Amino acid sequence: MRTRDMNTWRQRRPGPHRVGRAALVWAVAYAGFGLACVLSGTSLLHIGGDGTGLGPAWAVVAVGMTAALISAAVVRYGMRPALRVLLLSACVLTGVMAFSLLMDVITLMAGQGVDSWASTVNKILAAAGAVLLAATARSDRVTAVPTGTAAPKPSTAPRSVQLAAWAGTLAFLPYAAMKTHWASGGTFAGVTGEEMLAVSERNGASGIFLTLESWGLDPTALLALLGVFLLWGLVRPWGQAFPRWTPFLRGRRVPRGLPLAPALLGAATLAPYGVVGIGYLALVTAGAVTMGRGDFPSEGDALLVAWIGITAFAVYGVALVVAARSYWLRTRPAA
């Protein structure tokens, strides 16, 4: 009897009322956050370090209020087909609000400050809301867990997925070479390594960041190496079972969410960031719009560096999408 109760419990998901209440609380808090930014005159979108007005804050208020109304309807009336469509639409809008969250995380991990803490908090809240709204949209679906399920044997991704992983890896080589060249004191795009170090200090880089730079190691290049490690873990068998070179863990199954969580976050951020960035740089290259030169001697130098960085993010982001999907499918429990 106890086993039967356990199996029944495993087949249940939190109902739409419970998850809907959580989404409702989040939506009210999110709308309140946006209203607080409006009343205090805080901009939630910064381009080149400058705020863009209160339009984004008003958008947060609108998205939060809309999500609150939809969540309240789910709590009151239960899940309906129309409400599911509205929830997913609100989920997409909230996901847009979380755009470039990973870039802020990378910036903080590299020991530098973000353009605006209010903007970063907004992205964190939006990401949490997207998860809650998606969970609410699926909360009425009961997924039976068959008895005797087991994780599939570790496998290699198909050849096409591995080619995508190679593309994502090679796309980071020019970026890593550029950053390492600066860190070692070289000159690129009219800027010396000493000048780039001074820019990092001016941007509030941490002592660890500056120390690594003084050793000729650029922290962002090291993070790119970590991203490549994640990418290949998604396509190779050692991403499903710890390999022999991992002490104490060798042979054990890798928790499915361990690589998928950062992969999905990275894919949702880097892919659109890179693709949109390439579109913008294409307009700049064609002369349709202008781009500030920033800390570089000319706009051409700034454009060259931007092409190297944005191309790396775009190709790697798309490769991460492909690899994460393959990993998701290959690690599904099988009866």
Side-chain angles (χ1 to χ4, degrees), residues 19-75 86-136 199-207 209 220 265-266 268-270 272-274 276-277 280 289-295 306 310 313:
V19 184
R21 290 190 186 98
L24 177 59
V25 171
W26 166 84
V28 172
Y30 191 55
F33 170 77
L35 184 60
C37 291
V38 170
L39 296 177
S40 63
T42 303
S43 177
L44 293 180
L45 180 61
H46 288 252
I47 299 178
D50 299 323
T52 57
L54 297 180
W58 279 115
V60 169
V61 175
V63 170
M65 292 181 63
T66 301
L69 291 174
I70 300 171
S71 301
V74 171
V75 172
L86 292 175
L87 277 171
L88 293 176
S89 300
C91 179
V92 172
L93 290 175
T94 310
V96 171
M97 295 292 184
F99 180 74
S100 79
L101 171 60
L102 184 60
M103 301 308 298
D104 287 355
V105 174
I106 293 175
T107 300
L108 292 172
M109 290 178 65
Q112 299 189 39
V114 295
D115 290 335
S116 168
W117 276 106
S119 176
T120 301
V121 170
N122 170 57
K123 296 169 188 175
I124 294 173
L125 291 174
V131 173
L132 280 173
L133 292 172
T136 303
V199 171
S200 298
E201 292 180 2
R202 188 169 65 248
N203 292 338
S206 67
F209 183 98
T220 57
L265 176 61
T269 300
L270 294 180
Y273 180 86
V276 172
Y280 170 72
V289 297
T290 59
M291 184 179 72
R293 62 185 181 88
D295 298 305
I310 294 298
F313 293 139

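Predicted model, so just to flag it, every value in this text is computed and none were measured.
Considering only residues two or more places apart in sequence or on other chains, Val289 meets the side chain to side chain contact (heavy atoms under 4.5 Å, CB included) condition with Tyr280, Leu283, Val284. Remark: Thr290 engages no residue in a side chain to side chain donor-acceptor pair (under 3.5 Å) (not counting sequence neighbours).
The two residues Val199 and Asp295 have their closest heavy-atom pair at CG1-OD2, 3.4 Å. Residue Val61 comes nearest to Gly34 through the heavy atom pair CG2-C, 3.4 Å, listed as atom of the first residue, atom of the second, then distance. For the residue pair Leu132 and Ala22, the shortest heavy atom distance occurs at CD1-O, 3.9 Å.
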All N/O donor-acceptor pairs, side-chain side in residues 25-32, below 3.5 Å, sequence neighbours left out:
{"from": "Trp26", "atom 1": "NE1", "to": "Leu125", "atom 2": "O", "distance (Å)": "2.9"}
{"from": "Tyr30", "atom 1": "OH", "to": "Asn122", "atom 2": "OD1", "distance (Å)": "2.7"}

For residues 62-75, run the donor-acceptor check on the side chains, cut-off 3.5 Å, and write out each pair with its distance to 0.1 Å, sequence neighbours left out.
{"from": "Thr66", "atom 1": "OG1", "to": "Ala62", "atom 2": "O", "distance (Å)": "2.8"}
{"from": "Ser71", "atom 1": "OG", "to": "Ala67", "atom 2": "O", "distance (Å)": "2.8"}

For residues 89-99, please give each side-chain donor-acceptor pair under 3.5 Å, one per line with the distance, not counting sequence neighbours.
{"from": "Ser89", "atom 1": "OG", "to": "Val85", "atom 2": "O", "distance (Å)": "2.9"}
{"from": "Thr94", "atom 1": "OG1", "to": "Ala90", "atom 2": "O", "distance (Å)": "2.7"}

